[in-house]
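Model, not experiment: these values are computed from the prediction. Residues: numbered from 1 along the sequence shown.
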Amino acid sequence: MDIEFRKITDFPRGTLCALLKEGYSFEPRFERDCLNQWQEFEKFFYDNPHIAEFSGFMTVLSGIPIGFVSWNPTNLPISAEIGHNCIAAKYKGNGYGKQQMQEAVKRIIAQGAKRIMVTTNEILIPAQHMYESVGFKFINKCEEPNNAGYAGMRINYEIIVK
């Protein structure tokens, strides 16, 4: 089945948080420690649909939202930073995350970014492989200030746009 990419605001409030909860359900401490931040993020996107349309999209399969990605365009054209990026657990392992990230990179480059950055955690090995498969290069590891006890080190990646 083919996926499509649609506006986040095509779906009701609660969709982003539900996808984040589902995407991180393998480790319940993520929801415990991040839920407030996820809710604030979702509120911001739905309260500012013009920003949501410019800096994120929903990944949809047969009309069902299965994931989304967002980025911070504040420093364009110098750089953009990928923020939330998730695929619901039952859809992982099918290449949807890679397709989603390829689309995000394409859109960010079209917005003029010279550098695209993303951070993940040591525990998220499939995410690391996906970022590398899309063209992100490892930069460094650093301490995870919030979730180090279960998420491990932060891993920073970038794409330099030629």
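- Taking both residues in full, the closest heavy atoms of Thr120 and Ala127 are given as OG1-CB, 3.7 Å, listed atom of the first, atom of the second, then distance.
- When all heavy atoms are compared, the tightest approach of Ile3 to Leu61 is CG2-CD1, 3.9 Å.
- Distance check: Leu19 CG to Trp38 CH2 gives 10.5 Å after rounding to the nearest 0.5 Å.
- In the hydrophobic cluster analysis, where Ile, Leu, Val, Met, Phe, Trp and Tyr join through side-chain heavy atoms closer than 4.5 angstrom, Ile78 is grouped apart from Ile139.
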Item to check | Residue pair Gln100, Ile87: steps toward the side chain to side chain contact (heavy atoms under 4.5 Å, CB included) verdict | outcome: CA-CA 9 Å; Gln100 176 175 276; Ile87 295 290; 3.5 Å; yes
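- For the pair Tyr46 and Thr15, the minimum side-chain heavy-atom distance is below 4.5 Å.
- The pair Glu40-Lys43 does not meet the salt-bridge criterion, since no charged nitrogen lies less than 4.0 angstrom from a carboxylate oxygen.
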Checklist entry - Does the pair Phe54 and Leu76 meet the rule for a side chain to side chain contact (heavy atoms under 4.5 Å, CB included), with working shown? => result CA-CA 12 Å; Phe54 184 76; Leu76 285 174; 4.0 Å; yes
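- Annotation: side chain of Leu20 is in contact with side chain of His84 (closest heavy-atom distance under 4.5 Å).
- Going from atom CD of Glu31 over to atom CD of Glu22 covers 10.5 Å, rounded to the nearest 0.5 Å.
- Using a 4.5 Å heavy-atom threshold, the side chains of Ile66 and Lys90 count as separate.
- Hydrophobic clustering of Ile, Leu, Val, Met, Phe, Trp and Tyr side chains at less than 4.5 Å, counting indirect connections, keeps Ile160 apart from Val118.
- If you run side chain to side chain contact (heavy atoms under 4.5 Å, CB included) between Ile82 and each of Val105, Thr119, Ile108, only Ile108 comes through.
- With hydrogens and angles disregarded, no donor-acceptor distance shorter than 3.5 Å links the side chain of Lys92 to the backbone of Gly97.
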Item to check | Pair Phe68-Thr59, side chain to side chain contact (heavy atoms under 4.5 Å, CB included): steps then yes or no | outcome: CA-CA 5 Å; Phe68 77 95; Thr59 300; 5.9 Å; no
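- In the hydrophobic cluster analysis, where Ile, Leu, Val, Met, Phe, Trp and Tyr join through side-chain heavy atoms closer than 4.5 angstrom, Leu16 is grouped together with Phe11.
- A donor-acceptor contact shorter than 3.5 Å is absent between the side chain of Glu158 and the backbone of Lys137.
- In this structure, CZ in Phe30 is found 12.0 Å from SG in Cys86, a value given to the nearest 0.5 Å.
- The main-chain N or O of Thr74 is found under 3.5 Å from a side-chain atom of Asn72 such that the two form a donor-acceptor pair.
- Hydrophobic clustering keeps Met117 apart from Leu124 (ILVMFWY residues linked when any side-chain heavy atoms are closer than 4.5 Å, directly or through intermediates).
- Put simply, the side chain of Glu103 never gets that close to the backbone of Lys98: no donor and acceptor are under 3.5 Å apart.
- Between Tyr157 and Tyr131, the angle of the ring planes lies from 30° to 60°, which puts this pair in the tilted group.
- Checking side-chain atoms of Glu53 against main-chain N and O of Lys7 turns up no donor-acceptor pair under 3.5 Å.
- Minimum heavy-atom separation, Ala80 to Trp71: CB-CD1, 4.4 Å.
- Residues Arg154 and Asn121 meet the side-chain proximity criterion, which asks for heavy atoms closer than 4.5 Å.
- Closest approach of Phe45 and Gly56 over heavy atoms only: CE2-CA, 4.4 Å.
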Checklist entry - How far apart are the C-alpha atoms of Phe136 and Met130, what are their side-chain angles, what is the distance that settles it, and do they pass the side chain to side chain contact (heavy atoms under 4.5 Å, CB included) test? => result CA-CA 9 Å; Phe136 283 91; Met130 183 271 301; over 6 Å; no
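- Taking CD1 from Ile109 and NZ from Lys114, the interatomic distance works out to 10.0 Å, rounded to the nearest 0.5 Å.
- Taking all atoms of both residues into account, the shortest heavy-atom contact from Asn156 to Cys142 is ND2-SG, 3.6 Å.
- Remark: Glu42 CD to Ser70 OG distance equals 11.5 Å, nearest 0.5 Å.
- Residue Thr9 holds its OG1 atom at 8.5 Å from CE of Met58, rounded to the nearest 0.5 Å.
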